[in-house]
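First the structure, in the form of structure tokens, and then the observations on it.
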There are 2 protein chains.
Amino acid sequence: MPIDLRPSQALRLWHDVTLDLVRDDQPDLSARQLVVLLTVYLEPPPHTVRGLAAKLRVTKPAITRALDTMGRMGLVSRRRDEVDRRNVVIQRTLAGALAVERLGDIIVARHRELPL
Amino acid sequence: MPIDLRPSQALRLWHDVTLDLVRDDQPDLSARQLVVLLTVYLEPPPHTVRGLAAKLRVTKPAITRALDTMGRMGLVSRRRDEVDRRNVVIQRTLAGALAVERLGDIIVARHRELPL
DNA sequence: GTGGATCGTTTCGGGACCGAACTAATAAAG
DNA sequence: CTTTATTAGTTCGGTCCCGAAACGATCCAC
């Protein structure tokens, strides 16, 4: 792992990145939406509503709503699982991949600017 | 600054910390609330509604609402500026300081667990 | 087949938030 | 004083999110 981060640096990093996210025009993602987005893009598929709800320890409707909103934003899409048609698998999109990549760049840049 | 963070590590860090925040029982702070909280606790006083609105590039009512909510949570408090009584200065609280400290600890811990 | 379990979604009442516009209090300028 | 500017808060109509409960679709065991 990288060299240890001190608490003051950690908080400064969180502040700076969050400020960048608040400032840009597009609407902020909630913490729940953000962790759904990152889970879908960082962890191996398949991702289901039930699996995400269990992972985040929130109710299923909360996941459905998050997917509705992020679907409207084009960040994820949904598809029926043809093997077990009760399941819905959450899929990545180009726009979602770009948004995640952009977030990664912001964090890296703000981390690089951190004072010693 | 610490050794460079790779984008994949940065995103993993953001995911892990946000997941911790989503999982604990207390209600999630919005991005706006979080950056207000961190600004108040990281940057030198005094902090005013107007100053925060300018810094975040959001409207004043958004700041007033964020302060209302965080005030109810005990994370910040407000006081009239006695010198210029039009101003309201945002003050730190013990509960707010503890919450910020806890966030710092989470980030540091998750950062330490990051894979190489 | 039939009953029960397991999916994701929808409904419901309630609360939080949004920006634009407005108000009330205070300060500063003339 | 009186006007003008500045500050924080409030009002407004609208949107979004919350968890509990109910729902329809699907799978599985018998």
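Just the heavy atoms: all of them, side chains too, but no hydrogens, waters or symmetry mates, feed the values below. To find a chain, count down the sequence lines: A is the first, B the second, and so on, and within it residues start at 1. Just so we're clear, the structure is a prediction, and the values are computed from it rather than from any experiment.
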(request) Compare all side-chain heavy atoms of L21(A) with those of Q26(A) and state whether any distance is below 4.5 angstrom. (result)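 L21(A) does not reach Q26(A) side chain to side chain.
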Check whether any side-chain heavy atom of Q91(A) lies under 4.5 Å from a side-chain heavy atom of V76(A), and answer yes or no.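 Not in contact.
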Examine [N]: is either OP1 or OP2 under 4.0 Å from a nitrogen or oxygen in the side chain of [X]? Give yes or no.
| X | N | answer |
| --- | --- | --- |
| Q33(A) | dC17(D) | yes |
| T64(A) | dT9(C) | yes |
| T48(B) | dT7(D) | no |

Residue of the set V40(B), V35(B), V36(B), L34(B) for which side-chain contact (heavy atoms from CB on, under 4.5 Å) holds with L38(B)
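Filter result, single survivor: L34(B).
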For R102(B), is there an ion pair with D24(B) - N to carboxylate O distance below 4.0 angstrom?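 Counted as a salt bridge, because a side-chain N and a carboxylate O are separated by less than 4.0 Å.
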* Asked: Is it true that D16(A) and R12(A) make a salt bridge, defined as a side-chain N closer than 4.0 Å to a carboxylate O?
  ->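 Salt bridge flag = yes for R12(A) with D16(A).
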Specify the separation, in whole Å, of atom [atom1] of [X] and atom [atom2] of [N].
| X | N | atom1 | atom2 | answer |
| --- | --- | --- | --- | --- |
| R50(A) | dT9(C) | CZ | C1' | 15 Å |
| R78(B) | dA8(D) | CZ | P | 10 Å |
| R72(A) | dC17(D) | CZ | C1' | 11 Å |
| N87(B) | dA5(D) | CG | P | 18 Å |
| L29(B) | dA16(C) | CG | C1' | 13 Å |
| M73(A) | dC16(D) | CE | C1' | 10 Å |
| L67(A) | dC16(D) | CG | P | 16 Å |
| I63(B) | dT7(D) | CD1 | C1' | 14 Å |

Query raised in the report: If an axis is fit to five pairs at each end of the helix from dG1(C)-dC30(D) to dG30(C)-dC1(D), what is the angle between the two, to the nearest 10°?
Result: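 The angle separating the two end axes equals 10°.
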Which atoms form the tightest heavy-atom contact between A10(B) and V108(A), and what is the distance?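 Of all heavy-atom pairs spanning A10(B) and V108(A), the closest is CB-CG2, 3.9 Å.
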What's the shortest heavy-atom distance between R32(A) and A62(A), and which atoms?
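For R32(A) and A62(A), the tightest heavy-atom pair comes out as NH1-CB, 3.5 Å.
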Given protein heavy atoms under 4.0 Å, the one-letter contact record of nucleotides 19-30 of chain D, with B base, S sugar-phosphate only and - none, is simply BBB----BS---
Q) Got a sec, which residues hit salt bridge (Lys or Arg N to Asp or Glu O under 4.0 Å) with R79(A), two or more places apart in sequence or on another chain? A)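 For R79(A), no residue satisfies salt bridge (Lys or Arg N to Asp or Glu O under 4.0 Å) once neighbours in sequence are set aside.
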message = Assess, by modelled atom type and distance only, whether the side chains of T39(B) and H47(B) contain a donor and an acceptor separated by less than 3.5 Å.
response =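 Their side chains do not contain a donor-acceptor pair, so the 3.5 Å distance test is not met.
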